[in-house]
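Heads up: the structure comes next, in C-alpha cells.
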2 protein chains.
Amino acid sequence: MKGIRQLAEHLNISIGTVSRALNGKPDVNQETRRRVLAAAEELGYVANQSGRSLRQGETKVIGLMIESSKETVENADNFFLGVTSGLQSVFARHKLDLLMLPCPSDEDPHEYLKRMVARRIVDAMIISDTQRVDRRIDFLSRAKIPFVALGRSLSASNFPWIDLDFEGVADHAVERLIALGHRRIAITAPSSEANLGYLFIDSYRRALERHDIAFDPSLVIRVRSSEQGGYQAAHELLLLEERPTAVILIYELMAIGLYRRLMESGVMPGRDLAVIGFRDAPRARFLQPSLSCFRISLYDLGVALGRMLLANMPAYRDFYPGGERNIIWPLELMPGESDAFDVGAMV
Amino acid sequence: MKGIRQLAEHLNISIGTVSRALNGKPDVNQETRRRVLAAAEELGYVANQSGRSLRQGETKVIGLMIESSKETVENADNFFLGVTSGLQSVFARHKLDLLMLPCPSDEDPHEYLKRMVARRIVDAMIISDTQRVDRRIDFLSRAKIPFVALGRSLSASNFPWIDLDFEGVADHAVERLIALGHRRIAITAPSSEANLGYLFIDSYRRALERHDIAFDPSLVIRVRSSEQGGYQAAHELLLLEERPTAVILIYELMAIGLYRRLMESGVMPGRDLAVIGFRDAPRARFLQPSLSCFRISLYDLGVALGRMLLANMPAYRDFYPGGERNIIWPLELMPGESDAFDVGAMV
DNA sequence: CCTACAGTCGTAAACGTTTACGGAGTGCGT
DNA sequence: ACGCACTCCGTAAACGTTTACGACTGTAGG
C-alpha cells in the first residue's frame with residue numbers, strides 16, 4: 001500500500017473523495033465512506049504524516065524535552081513517566097500524541113531544541129529543567145511555538161510554567177522540625193548554581209529567622225542530589241563541630257546514601273537525627289525507618305501541564321478557558337518514622 | 001522566515017541552488033555557498049522536515065518505544081536514560097536523532113506502534129519490553145521497518161534482539177550461594193506470565209539440580225518487581241515453614257522493601273538471610289548492608305543496540321559489518337555485604 | 001419547463017523540499 | 001572558427017496529502 005492514490009484507484013473513486021471520507025468530512029455519501037474505510041482497513045492504509053503535515057502545517061504531536069545529563073541519569077526515577085501519563089490523558093482527548101525528546105548530554109539544550117523545532121516534528125513543546133537564565137524560553141517565545149515550562153526561570157517575565165513549591169516545602173519542613181523541638185537544622189542544596197534551588201534555601205532561612213534562629217551557612221550542605229550525594233552529605237554532617245539534630249533533603253533518593261553513612265557511624269536516623277525528604281514518597285516509605293517525605297501527585301501535575309499547554313494553543317484554547325498562566329505546585333507531607341521523635345527528650 | 005523560496009528570493013538565486021548549497025552538494029560555487037549559508041544563519045532558516053522527508057522518504061529519526069504500564073512507572077529507574085545515552089552516541093555519528101515514544105498505559109502497544117510507524121515520523125524502531133508472543137515483531141517485519149528488540153520473544157524465529165542474560169545471572173547466583181554453603185535458596189519471579197522471566201526460574205532450577213538439590217516450588221515467590229513486591233516477598237518468605245537461608249531478587253529495587261520487612265521481624269539481611277540482586281548496582285551499593293548485585297553497563301548496551309539497528313538499515317549497513325543478530329547481554333557481579341557470610345557458621 | 005438547492009463527487013492547486021536534466025558561460029586545444 | 005569539457009545554475013517534476021471550487025445529478029417548488 002503506497003498512498004491515497006492507490007487506494008483511490010482500487011476503489012475507482014477520486015483521491016479527493018477518499019481523503020474526505022477518511023477525515024470525516026460531511027459531503028460524502030454514507031455508503032462511499034463505508035467502502036473507503038473498509039478498504040483502508042483491509043489494505044492497511046494510513047495517511048503519510050509528512051504529506052499531511054506539509055499540507056496542513058501541523059503534526060498533532062507534542063514534544064516533551066528531557067535532558068540526560070549525568071545528574072539526571074543518576075537520579076532517574078518515575079518523575080517523567082508519571083507526568084507523562086497525566087499529559088497523555090489530556091492529549092488523548094484531542095488525538096494528540098506525546099513524544100519525548102531526550103537531549104544528548106554533550107549537546108547544548110538550546111541547539112538541540114532549535115533543531116527539533118525546526119524539523120516541525122512537533123506542534124508544541126514542554127521543556128523541563130529550566131535554568132535560571134534559559135535561552136530556550138526566549139527562542140520559543142520569539143518563534144511563536146506554544147510551550148510550557150516545568151520549572152521557573154528568570155529569563156522572561158511572562159511565560160507559562162508550573163514549578164514545584166520549593167519554598168512551601170522548606171517552610172513546612174522547618175516549621176515541623178521546630179515544633180518537634182529542633183533548633184539546629186541542616187539542609188541540602190543542589191551543587192549547581194544554575195537552577196533555582198536557592199529558593200529552597202532562602203525559604204529555609206526565612207523560616208528559621210521567623211523563629212529567631214540565626215542562619216548558619218555551615219548547615220547548608222551542597223552535594224549532588226543522588227545516593228552518593230546523600231552519603232556525602234551525611235559524611236559532612238558528621239564532621240560538624242556542633243552536630244545538627246535534623247536534616248532536610250532536597251531529594252528523597254539521597255536518603256539511601258545518607259542512612260547508610262549514618263549507620264556506619266552508629267547514628268540512627270529517626271532517633272539520633274531527624275530526616276525529612278522532598279519530591280516523592282513511594283520509595284521513601286520502604287526505607288527503614290520510613291522517610292517523612294513531601295509527595296507530588298505526578299499524574300495531576302501532568303494533567304495540569306497538559307491543560308496549560310493546550311490553553312496556549314489557538315486550536316485548543318477554547319477547551320481550557322480561564323486557566324492560570326503560572327502554577328506553584330503544592331506538595332503534601334507524608335509523615336514517616338524518620339522524624340517522629342521529640343528532640344526535647346534527646347539532649 | 002517562511003521557506004527556502006523566500007531565502008532564494010532574498011539572495012536572488014534560484015531555489016535549487018540554495019538547496020544544493022545547504023545540503024553540501026558539489027556543483028555549487030564556493031562563494032555562492034558561503035553567501036547562502038550566511039543568509040540562512042542570519043535569517044534563521046532551517047529546512048522544513050515535512051517537506052524534506054516527503055521528498056526523500058526518510059526522516060533521520062529513530063524511535064525508541066517505551067511502555068508506561070503501572071509496573072514500569074513504579075519501577076522506573078535509570079535504565080532507559082542510560083541506554084539512551086549509548087544509543088545517541090552511535091546515532092550522532094550519522095546525524096540521526098532519537099525519539100522516545102511512550103505508549104499510554106491504556107492503549108494496546110501494537111496499535112500504538114502501528115499509528116506511530118504509519119506517521120512515518122521515524123525511519124526505524126527500537127522496541128522494548130517484548131512479550132512472549134508480541135505482534136509488534138511480525139508487524140515490523142512485514143512492514144519492512146528496520147528494528148531491534150530489547151528482549152527476546154518467541155514470536156518470530158529470526159529477528160534482531162539483545163536481551164539480558166537472565167539465565168547466566170540465575171546460574172551464577174545459585175552457584176555462588178551454594179559455594180557459601182546455602183542449600184535452601186528462594187527466588188523471586190515476575191508475577192506476570194507474559195514475558196520471559198521464566199527463563200530465570202528454569203536456569204535457577206537447573207543450577208540447583210546440578211547440585212542435587214530438589215526444586216521446591218514454594219521457594220519461587222511471585223510478586224511485583226517493586227519495593228512493594230520486595231516487602232511482600234519478604235513477608236511470604238518469613239511465613240515458610242522451613243525458612244530459606246538465601247534469596248535471589250529479580251530486581252534490585254525490591255531489596256528496599258525486602259530489607260524493611262525483614263528488619264521488622266528482626267531478621268538481618270546479610271547475617272540471617274543472604275540477599276543477591278539483579279539488574280543494576282549503583283543504587284544497591286547504598287543500601288545497608290550493601291546489596292550484592294549483578295550490574296549492567298547501560299551505556300554499552302545502548303551502543304550495542306544502536307549498532308545492531310544500523311546494521312539492519314540499508315543506508316548504514318556498510319558501517320557495521322559482521323555484527324551478530326542476537327546478543328545475550330552479560331552482567332557482572334558486584335559483591336556486596338548482603339551475602340557475604342558463610343551459612344555454615346549459622347546453623 | 002425553469003430555477004434553486006442539496007447532496008456527491010472530481011479536478012487541480014498548494015504545502016516545502018530535493019534532484020534529474022539541461023542550458024549558459026568559460027577556457028582550452030585543434 | 002569550432003568542438004569539447006567543465007563549472008555553475010535555473011527549471012520543473014515529484015513526494016502524499018488536504019481542500020477550495022465547480023460540476024453533475026436528482027428533486028422540489030414556482
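Hydrogens, waters and symmetry mates are skipped; everything else that's a heavy atom, side chains included, is used. Order of the sequence lines fixes the chain letters, A, B, ..., with proteins taken first and strands second; residue numbering starts at 1 for each chain.
- Sorted by first and then second residue, the side-chain hydrogen bond (donor to acceptor under 3.5 Å, both in side chains) pairs with a member in residues 20-30 of chain A read A/T17-A/R20; sequence neighbours excluded.
- A/E41 has no carboxylate O lying under 4.0 Å from a charged side-chain N of A/R35, or vice versa, which leaves the two without a salt bridge.
- Of the two residues contacting DNA chain D, namely B/G51 and B/P26, the nearest-nucleotide position lying further toward the 5' end is that of B/P26.
- Among the atoms of the strands shown, base atoms are found under 4.0 Å from some heavy atom of A/S19.
- Comparing A/N29 and B/R5 along DNA chain C, the residue whose closest nucleotide (by nearest heavy atom) sits nearer the 5' end is A/N29.
- In the helix from C/dC1-D/dG30 to C/dT30-D/dA1, the terminal helix axes, each the rotation mapping four pairs' C1' atoms onto the next four within five end pairs, subtend 70°, rounded to 10°.
- When the shell of 6.0 Å around CZ of A/R5 is examined, it contains 12 or fewer heavy atoms from other residues, nucleotides or ligands.
- On the nucleic acid side, DNA chain C contacts chain B at distances under 4.0 Å to non-hydrogen atoms, with the end points of that region at C/dG16 to C/dA20.
- Within the 3.5 Å criterion, the main-chain N or O of A/D134 finds a donor-acceptor partner in the side chain of A/S155.
- Between D/dG10 and B/S14, a contact under 4.0 Å exists linking OP1 or OP2 to a side-chain N or O.
- B/N48 comes within 4.0 angstrom of sugar-phosphate atoms only, judged by non-hydrogen atoms across all strands, and of no base.
- Each of A/R20 and B/R20 lies near DNA chain D, and the nucleotide nearest B/R20 is the one positioned closer to the 5' end.
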Does A/K95 form a salt bridge (Lys or Arg N to Asp or Glu O under 4.0 Å) with A/E58? I'd like the steps, not just the answer.
CA-CA 13 Å; A/K95 297 201 180 302; A/E58 61 172 15; over 6 Å; no

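- Within 4.0 Å (heavy atoms only), B/I13 reaches sugar-phosphate atoms of the nucleic acid but no base atom.
- Within 4.0 Å (heavy atoms only), B/T32 reaches sugar-phosphate atoms of the nucleic acid but no base atom.
- Here B/Y45 and B/H10 keep their ring centres 6.0 angstrom or further from each other.
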